[in-house]
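Because the structure is a prediction, the values reported are computed rather than measured. Chain letters run A, B, ... following the sequence lines, proteins first and then strands; every chain starts at 1.
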Amino acid sequence: MEYDFRTIEQKWQQYWKKHHTFRTGNDFSRPKYYILDMFPYPSGAGLHVGHPLGYIASDIIARYRRLGGFNVLHPMGYDAFGLPAEQYAIQTGQHPAVTTENNIATYRKQLDRIGFSFDWEREVRTCDKSYYRWTQWIFLQLFNSWYNPLSDKAEPINNLIQQLEKGQQPPGVSFEGQWNLMSEKEKHAVLMNYRLAYLGEAMVNWCPALGTVLANEEVKDGVSERGGYPVERKLMPQWSLRITAYAERLLAGLAAIDWSESMKEAQRNWIGKSEGCSIRFNIKGSDETVEVFTTRPDTIFGVTFLALAPENELVEKIAASPRRELVSSYVSYAKNRTERERLSEVKKITGEFTGAYAIHPFTGKEIPVWTGEYVLSGYGTGAVMGVPAHDSRDYAFAKHFGLEIVQVINPATPVDISREAFEGKNGRCINSDFLNGLEVQDAVNRCIAEVEKRALGRHRVNYRLRDAVFGRQRYWGEPIPIYYKDGIPCPMQENELPLVLPEVDKYLPTESGEPPLARAATSWKYRGQYEYEKTTMPGWAGSSWYYLRYMDAGNDKELVSAETANYWRDVDLYIGGAEHATGHLLYVRFWTKFLYDLGLIPIQEPAKKLVNQGMIQGVSALTGSVGKTPRIESLHGKQLPLEAMKLPLVFVSENSVEKNEARFLKFYDEEVLKKYNDGYKHLTRGNDYEIIKGDMTIIYRHVPVGFVSRKDSLDIEKFREWRASWPGGEKIEIFTEEDGTFICRRETEKMSKSRFNVETPDDICENYGADTLRLYEMFLGPLEQSKPWSINGITGVHNFIRKLWKLFFTGEENTSVFYVSDEAPGSAELKLLHKAVKRIREDIERLSFNTAVSSFMICVNGLAELKCNKKSILEPLVILLSPFAPHISEELWERMGHDQSISFAGVPEYREEYLTEDSFEYPVSVNGKTRLKLSLSLGLSKEDIEKEVISSEAVRKYLGGAAPKKVIVVPGRIVNIVV
RNA sequence: GCCCGGGUGGCGGAACUGGUAGACGCGUUGGUCUCAAAAACCAAUAAGCGCAAGCUUGUGCGGGUUCGAUUCCCGCCCCGGGUACCA
C-alpha cells in the first residue's frame, strides 16, 4: 500500500482536534513543562518556511515531554497590535481589526497544516479586549507604584504619599517646597517623578512620515526599522516606564538563567553599567556648577577643558557675553540636526567655546568650558571633563580646537601622546599631585575618596539604559487607561477596565497633529466629561506578559490566578528570534520583576532557558540591468519621470555584460538615465544590488525565484509577462547569452515579499507532506544556525519516511498489506534499535535535532537491510519518531492495534546490555598516523592489548625489527605506536 | 572601532570529555531493471599519485603544547550578526 501522506495527515489533524488531544491538563499534581514560542505578528504575507523552524523544534520537545508523562503547556497566540495593519488601514480605509483577523486566519490555516500540538483553547491575541484589559491593568499598577531604593522593590505610591504626609523624605526622593503646603497639582507633579509609569518630557525618536515616536530599537541607522523613514530627535511630553529603576536587577538576574551568551551579552551592553564618580566644577564668576560623570577620576589632573552637550541648559546660562550669539546659534544648529545627519557625520567635530571658565577643584586652575555635539545629553549629566591625553574623543576634540593636552598616566611602554590618546588602564599617574606614582585602579579609588572627602561629588554607578517611552501617536494599540481632570492625568479604576479602543473615521492624525484617537474625542470621554489620553501603548506592551496569560487564559477575574502561577511558574524553554535581544526580552524580564514585586507571581525571570533559532534565508534570483548613474538614496514620494517612462529597461544575462555593452548604451543619454534610475529606485524599495563592471553600473533587480531554474536560467516568457504587469507597463529589452538563455545571479539574503524569494511551508506540505517538512527543517542543520533555504535534499528525508513505511508492509509494491510480526527480535535488530533510542534521546535533550534525524535514518536503513518487521522493534521506534513525524507515527501506531493516540505512549527506554560489544576494531596508528585495524576482545587488559598489537604480523612491518619506543593504549578507543 | 557567533568534500552538515576526520542526506558517476523514461535497488565518490597493494596532502592561515589536535594555547585572515561618540 502506498504511503498516502495527504489522507493520513488530514485524518490525524482532524482526530487531534476532535479528541482535544493537546488540551493542557489541569492536574497540578503532575510535573509541569512549559514550552513557549515567541508569538508571531500576523503579517499579510503569511508564514514562510523560516517561521516554522522554531515551532517545529518546540513541538518536538512538547510532544517528547508529553510522551515522558509531563503536563505540557504549549500554547500559541498572536501579537496582533502593530504598525503594518495600521499602515494598511490608512491606505485602504479598512479597519485594522479586519485585516488582522484575516491575517490570523491565514496563519492558523498554515500552522494547522504542519501538525503542531498547540493547545489552541488557550490562544491569546493582544488586540482582544479581554486580553488588553489586563495589559491596561498592569499599566495602572505601574502608574500606582514607585521604586523604593531601601527595600529595592516596587511599592504602592500610597506608601510614598503617607511618608511625605508625615514629613518624611525617603532616600532618593527630593523636591522643592513642603509637601503639606502643596496644591493637588503640585503634589501630582512631584509624584510623577517617582511613578513607574509616568508622563514626562522625553527626548524621543520622532518619525514624521509615520507620525509617531519610535523606541530606540525601532530605529536603525537613523531611519525607522519599518519603512526606512527619517527619524529626528524631539522633546515631547510622553508616557514612559521607569525601567531604569530595575537596571541593576535586570543585570544581576542574567547570571542565573540559561540563555545564550550572546543574548546575555547584548542585554548587558544595552544596560551598560559603568562605575565611576561625579565631580562638580565651579564656574568662575557664577553660582552655577557643572557636574560631570567620569569612570576615570584618576585622570582628573589631565583635565584641560569641560564639554557640555548642546542640549544642556547650562550652556546658554553660562555663556559669556562676547560669545553669547555664537553659542546660541551653535546650539540651535546642533538641535536641528536630524539623527541621521549626526550618525552619518560622526567623524565631523563640531563645538563652540562658551566663553566661561571652570575652576579645577584640585589645582584651582581655570579651564575653558566648551559645548560640543559629541557629548550626549541623555547620558550621565550631559557634561564631561575633557582629558584629551587619555580619551580618544576628548583627544579629537582638543586637537580640532587646539586645546591643551596633558599626559597624566605613564604606561610601562612609553607612548607618544602627540600622535594619539592613551586609553589603556595600566600605568602610573604622573603630573598628578597626590595621585603621583599610583597605579590606575588605585588612583581611581584614591581620587573618589578624595572627591567624597572634599564633598565635590560621590561614587556613582551609571547605566546606559534609558526609560522606555510607552506612548505611540497611533490608533492600533492598547488605549492608555488615563483621563485628564483639570490637566492632571488620573488613573481609571481597575473595575472600569477595559478601556475599549474607540471607532474612528480615519486612522490618520488629526489636522492639528493630534493622534488618531482624538478623532473619537467628542463622544469618547471618561464618565462623559473628561478627556482620555490620546496616545496608545507600543507594540511591546502586550508581549511583555503574554506568557503568564497562557497559564490561565480564560480567567476574567484576575490576570493569572495565584494557584496556576504557582504551578506553571516560568517558561522552561523559550524559543524565538535573536532580534528580540534588547527589546521584547528585556521588557518581559522587567514586567516579570515588577509583577513579582507586587506579589502576583512567584518568579523573577520569565524563562529558564532561551534558544534562538537561526534565520532561514532565501536564495534570491536577480537579473542584471543597465544604468550608468550611481545609486540615488532615498526617494520617497517621487513619481517616475515622464521621459523615463518612454525608455526601455535593458536586462542583460549574467555572463554577457561586457559583450553587450556597446549595444545597450545606445538606449541612453546621461540625463534621461539619471531621472530614470531616480524613479525606478522608488519602485523597487531599495532592495536591489549595484555592481560596477568596467565603467558600467549593473543594477541587479529581484525576480521571483519561481521563474528561475536550478541552473539559474530564467523563463524569459514568464518574465516578460510579469514585467508587463508593472506600473506604467514599461518596455523592456533583453540581451541573452549566445545560446539564447538568460542567466540570473543568485544571492542569499533575508526572505521577504519584496525580494520575491519567499518559500512557503504550504508548498512543501502539498508536495511532500507535513511530516517531511518537519523532518527536513530539522535535518537542515543545527537549530541555532542561520542557513539558506534549499529544497535540495528534501527527497532524502521523504525517502526515509517511505522506507520506514515499507518496513510495515509485505508483498508486492502496489498490493502490499500491513504486516508486523510478533517474533522475538535478534541481537542485530535490538542493537540497531537501542543504539538509536540512546542517541536520539540524548540528541533531543540537547536540541540537536539534525543528528537525531540522521540517527533515525541509520536505524531504518539497518532495519531495512535486515528486513525487520518485528513489532517489538518497530513499536518503540515509531513512538520515538512521533514527536518528529506525528502523522505517520499515529497511523502506524493505530495499524499496530492501538486505539489511543500515540501522544502519551511513554518514552522508549534503552538497555545498555544490547549495546555492549565483545570486540572492538582498534585503529592502530604509528607515529600518530592510522595504519591498520585490529579486531581485539574488549576484555583484554592494556598490557594484553599491547602484546597482541606488537606481535601482530601487520604491525611488525612498521616496526622494521626494532622495538617500539612507546606504545599508548586507550582501551576501547585507539592504539598508538611510537617508533 | 568594540562585543558575540562561525570558517570541515561539489553542497547541507557529523565527529559528545584531545583518540579511526568527512556520520547522515543531497549531488555526481557507473551498473541492475525497462522498448524508453521515472521510480527503486546496487556500487563508487576529500584531493593528488599509482594497474594495484599502497603512498602523500588535507578541518581558513602561521606557530606551539601532545604519543596523538577540527577539538587546547598564541598570533593573524575572512564571513555573519549585534552595537556604536555611553565619558
A:N850 has its side chain closest, among B:rG13, B:rG19, B:rA23, to B:rG13
Within this structure, what is the NZ-to-C1' distance between A:K273 and B:rA87, rounded to whole angstrom? 17 Å
How is A:N462 classified with respect to the nucleic acid when contacts are heavy atoms under 4.0 Å: base, sugar-phosphate, or nothing? nothing
Answer yes when A:K273 and A:E248 have at least one side-chain N-carboxylate O distance shorter than 4.0 Å, and no when they do not. yes
Measure up the A:W540 and A:Y587 rings against each other and bin them: parallel (under 30°), tilted (30 to 60°), perpendicular (over 60°). parallel
Whether A:F856 and A:F800 hold their rings parallel, tilted or perpendicular, with breakpoints at 30° and 60°: tilted
Could you please name the option among B:rA87, B:rC24, B:rG19 that lies closest to any side-chain atom of A:F779? B:rC24
Would a distance-only check, ignoring hydrogens and angles, find a side-chain to backbone donor-acceptor pair under 3.5 Å from A:S278 to A:G457? no
Please pick, from B:rA87, B:rC67, B:rG13, the nucleotide with the shortest atom-to-atom distance to any side-chain atom of A:Q785. B:rG13
Out of B:rA23, B:rA87, B:rA15, which nucleotide sits closest to the side chain of A:R846? B:rA15
How many whole angstroms separate atom NZ of A:K787 from atom C1' of B:rG5? 14 Å
Walking RNA chain B from its 5' end, the first of A:G796 and A:E865 to be reached, judged by nearest nucleotide, is A:G796
What is the ring orientation for A:H798 with A:F5, classed by angle as parallel under 30°, tilted 30 to 60°, or perpendicular over 60°? perpendicular
Rounded distance (Å) that lies between atom P of B:rA87 and atom CG of A:N312: 18 Å
Could you work out which one of B:rC3, B:rU83, B:rC26 sits closest to the side chain of A:N269? B:rC3
Take atom CG of A:L881 and atom C1' of B:rC24, then tell me their distance rounded to the nearest Å. 15 Å
Answer syn or anti for B:rG30, where the cut-off is 90° from 0 on the glycosidic torsion. anti
Hey, does A:S262 reach any base, or is it just sugar-phosphate, or nothing, if we go heavy atoms under 4.0 Å? sugar-phosphate
Plane angle bin for A:Y333 and A:Y330 - parallel if under 30°, tilted between 30 and 60°, otherwise perpendicular: tilted
I need the CG-C1' distance between A:L254 and B:rC4, as an integer number of Å. 15 Å
Does the structure show a Watson-Crick or G-U wobble partner for B:rC72, both distances under 3.5 Å? Name it, or say none. B:rG64
Presence of A:S925 side-chain N/O under 4.0 Å of B:rG19 phosphate oxygens OP1/OP2: no
The Watson-Crick or G-U wobble partner of B:rA36, with both key distances under 3.5 Å, is none
Let's see if you can work this out: which of B:rC3, B:rA23, B:rG68 has an atom nearest to the side-chain heavy atoms of A:N976? B:rG68
Describe the nucleic acid contact of A:D394 in one word from base, sugar-phosphate, nothing, applying a heavy-atom distance below 4.0 Å. nothing
Should B:rA43 form a Watson-Crick or G-U wobble pair with both distances under 3.5 Å, which nucleotide is its partner? B:rU29
B:rG27 to B:rC79 separation - P atoms, rounded to the nearest Å: 32 Å
Does a distance-only test, which skips hydrogens and angles, find a donor-acceptor pair under 3.5 Å between the side chain of A:N792 and the base of B:rC26? no
Could you state the CZ-P distance from A:R973 to B:rU17, rounded to the nearest angstrom? 11 Å
Test log, rule ring pair (Phe, Tyr, Trp, His ring centres under 6.0 Å), inputs A:W789 and A:Y776: CA-CA 11 Å; A:W789 175 257; A:Y776 183 58; 5.6 Å; yes
C1' atom, B:rU70 versus B:rU20: distance in rounded Å? 14 Å
Looking only at the side chain of A:M857 (C-beta and beyond, no hydrogens), which of the listed nucleotides B:rA40, B:rG25, B:rU20 gets closest? B:rG25
Rounding to an integer number of Å, can you tell me how far A:F849 CZ sits from B:rC24 P? 22 Å
Whole-Å C1' distance, B:rG82 and B:rG9: 32 Å
Let's test this: given Watson-Crick or G-U wobble pairing with both distances under 3.5 Å, identify the partner of B:rG54. B:rC49
Which of these nucleotides, B:rA87, B:rC67, B:rA39, is closest to any side-chain atom of A:K966? B:rC67
Using a cut-off of 4.0 Å on non-hydrogen atoms, how would the nucleic acid contact of A:E784 be classed: base, sugar-phosphate, or nothing? nothing
For B:rG5, the Watson-Crick or wobble partner whose two distances fall under 3.5 Å: B:rC79
Decide if atom NZ of A:K835 counts as having more than 12 heavy atoms of other residues, nucleotides or ligands within a radius under 6.0 Å. no
Nearest nucleotide by nearest heavy atom, which residue falls closer to the 5' end of RNA chain B, A:S848 or A:I968? A:S848
P atom, B:rA38 versus B:rG19: distance in rounded Å? 44 Å
Looking at A:N799, I'd like to know whether one of its side-chain N or O atoms comes within less than 4.0 Å of OP1 or OP2 on B:rG25. no
Categorize A:P782 for me: base, sugar-phosphate, or nothing, with a 4.0 angstrom heavy-atom threshold over every strand shown. sugar-phosphate
So, A:F305 versus A:F397, ring centres under 6.0 angstrom or not? yes
Taking the C1' atom of each, how far is B:rU17 from B:rC2, in whole Å? 33 Å
Taking B:rU65 as the reference, what is the distance to B:rC74 when you measure between their C1' atoms (whole Å, please)? 11 Å
A:W270 side chain: which of B:rA87, B:rA84, B:rC67 is closest? B:rA84
Gap between atoms CD1 and P, on A:I974 and B:rC67 respectively (whole Å): 14 Å
When you get a sec, tell me which of B:rA87, B:rC24, B:rA14 is the closest nucleotide to the side chain of A:I858? B:rC24
Which whole number of Å gives the distance between the P atom of B:rC51 and that of B:rG63? 34 Å
What interatomic distance, in whole Å, is found between P of B:rG80 and the corresponding atom of B:rC42? 42 Å
By the 4.0 Å heavy-atom rule, please label A:V978 as base, sugar-phosphate, or nothing. sugar-phosphate
